[in-house]
Amino acid sequence: MTRVFLETYGCQMNVADSELMAGVLERAGMTLVDRPEEADAVILNTCAIREHAEQRVLGRLGDFARLKAANPALVVGVAGCMAQHLRAKLLDKKRVLDLVVGPDGYRALPELLRRAADAPVAEVRLDRDETYGDLEPRREPGVRAWVTVQRGCDKFCTYCVVPFTRGRERSLPLPELVRQFEHAAAAGHREIVLLGQTVNSWRHDGRDFADLLRATAAVDGIERVRFTSPHPSDMSDRVIEAIATCDRVMPHVHLPLQSGSDTVLEAMNRTYTRAEFLDVVRRLRAAIPGVAVSTDIIAGFTGETEDDHRRTLETCAEVRFASAFLFKYSARPDTKAFRWPETVSEEDKGRRLTELIEQQMAISGEIHDALLGREVEVLVESRGRRNDGQLYGKSRDFKTVVFADDGAAPGMLRRVRIVATTPVTLVGESLHAPRPEPLVTLG
Ligand code: 5AD
Ligand code: SF4
């Protein structure tokens, strides 16, 4: 058992967990391979947030079942948020899965894989003390490093499966985090993104998230600090002040609204009202010039009326989010809302989602158009995805910017003037572009 193929589904937390698993496997002498055909074991790191995510994983398991038919020694494992649900499948007669491992079982992964080669293994216990703070992840090279600072969630929003799949909220200790930041900087990463389900409720040893932001920004070699996702109810003045006063903490806050209706917010157990959310946005904008606020919205939650939906549209129009992730409500087993009969038809959910998307595209487009002619600072990440003559990066407020290659390497900062826009991208011209030689004039 030496070669492992690892595939990741879902959110950035899962991407970071896969880097953690990669670190654990490599320290145990195993190698990660790029193709499942070359592997002794395959692991799918899964997501359970919406039904669609689960279906994609189940489809992929079908591919691995075929691979296993051709190579019966192959160990097939499932990790992450679907582990709890897939445990029963281990006992299936036509068994494909050999290993099911939940988000708190990764420390023992090499051992679990070896055991699974002989007999099916399930390790789905949640451990309220496991943070993996001492384990160095094997981070993908690149400009950005994702650092998990908090695991699990205690908020129990009534639609959300995360508190059940990932367990109770735990913060990683500050000294272990600082060590990770320093390693990331030494490995060439220039931006750190602090990750947690409700990242701004991070706490350790009397320190809060404001202290953590300052500690991250103080690490030599780190140009930019971001974080995702804060909970509106935990957005303290101390945290806002830290964002406002640390030049390396970027002026972008992803603040999930979920709904603009107080009735729905209450049913969701979000713990804030529409007015309180608007007040958080007002405080952010007053303290942080040019701050971009983006959001998550769920369309068609159980009980959501046309009036509630209109309140959400109005709230989005009032806030004018820079961008938004918009989702159709998906009932998840284990959650409180799963027991409530769904009241919104698929058709209405789809239409409400479309209305939210169309409004958001128009708003994002207008916000981008207002940037025409302005200069922004871009941290270059890579070559453009479509056009090789272009560079790709993010502005300080997390807008995607592409511009003609001016020789900048990934990790460099560039001043760029915006010359064209779409609702999702800004097109710029580098102000570092080599200029033609001036004509030599005589006399
Ligand atoms: N259905 C639809 N969207 C959901 N989210 C979380 N749970 C569900 C669900 N059951 C969305 C929320 C959250 C984002 C990560 O996913 O908007 O902020
Ligand atoms: Fe889920 Fe709510 Fe926790 Fe976010 S805050 S992970 S939506 S329960």
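We count ligands from 1, going down the list as the structure has it; atoms in each ligand are counted the same way.
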For R332 and ligand 1, does the shortest N/O to N/O distance drop below 3.5 Å?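 No, no N or O pair falls under 3.5 Å.
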Q258-ligand 1 polar pair, N/O distance under 3.5 Å: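 Yes; at least one N/O pair falls below 3.5 Å.
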With a heavy-atom distance limit of 4.0 Å, tell me whether V162 approaches ligand 1 through its side chain, its backbone, both, or neither.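 For V162, there is no contact with ligand 1 at all, from either part.
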Residue-level breakdown please: for Y159 versus ligand 1, do any non-hydrogen atoms fall below 4.0 Å on the side chain, on the backbone, on both, or on neither?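 Contact part for Y159 vs ligand 1: both backbone and side chain.
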Counting only heavy atoms from other residues, nucleotides and ligands, does the tally under 6.0 Å from CD of E306 exceed 12?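 Yes, because the 6.0 Å sphere around CD of E306 holds more than 12 heavy atoms from other groups.
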Counting only heavy atoms not in R283 (residues, nucleotides, ligands), do more than 12 fall under 6.0 Å from its CZ?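 Check passes, neighbour count above 12.
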Is it the case that [X] and [Y] place a side-chain donor and acceptor less than 3.5 Å from each other?
X    : Y    : value
E169 : S201 : yes
Y329 : E304 : no
T421 : D369 : yes

If the plane angle is over 60° it's perpendicular, under 30° parallel, otherwise tilted; pick one for F398 and H252.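 Plane angle under 30°, so parallel.
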Contact check, side chains of Y9 and R60, non-hydrogen atoms, under 4.5 Å: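 Yes; the side chains approach each other to less than 4.5 Å.
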Taking the side chain as C-beta and beyond, is there a heavy-atom pair between R285 and V319 under 4.5 Å?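 Result yes, sub-4.5 Å side-chain heavy-atom pair found.
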Atom 14 (C) of ligand 1: nearest protein contact (heavy atom, Å):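 Here the nearest protein heavy atom works out to D296 OD2, 3.5 Å.
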Shortest protein contact, atom 9 (C) of ligand 1 (heavy atom only):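 Heavy-atom neighbour on the protein nearest atom 9 (C) of ligand 1: S330 O, 3.6 Å.
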Using a strict cut-off of 4.0 Å, indicate which atoms of ligand 1 neighbour a heavy atom of K328.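 Matching atoms, with element in brackets: 1 (N), 2 (C).
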Please list, in number order, the atoms of ligand 1 under 4.0 Å from a heavy atom of R50.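 It comes down to these atoms of ligand 1: 1 (N), 2 (C), 3 (N), 4 (C), 5 (N), 11 (C), 16 (O).
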What's the spacing between I43 CD1 and T8 OG1 if we round to 0.5 Å?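 Answer rounded to 0.5 Å: 10.0 Å.
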Report the protein N/O/S neighbours of atom 2 (Fe) of ligand 2 that fall below 2.8 Å; do not count waters.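 Less than 2.8 Å away from atom 2 (Fe) of ligand 2 sit C157 SG.
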Geometric cation-pi criterion R151 and Y132, 6.0 Å radius, 45° cone: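 Because its charged atom misses either the 6.0 Å distance or the 45° angle limit, R151 does not stack over Y132.
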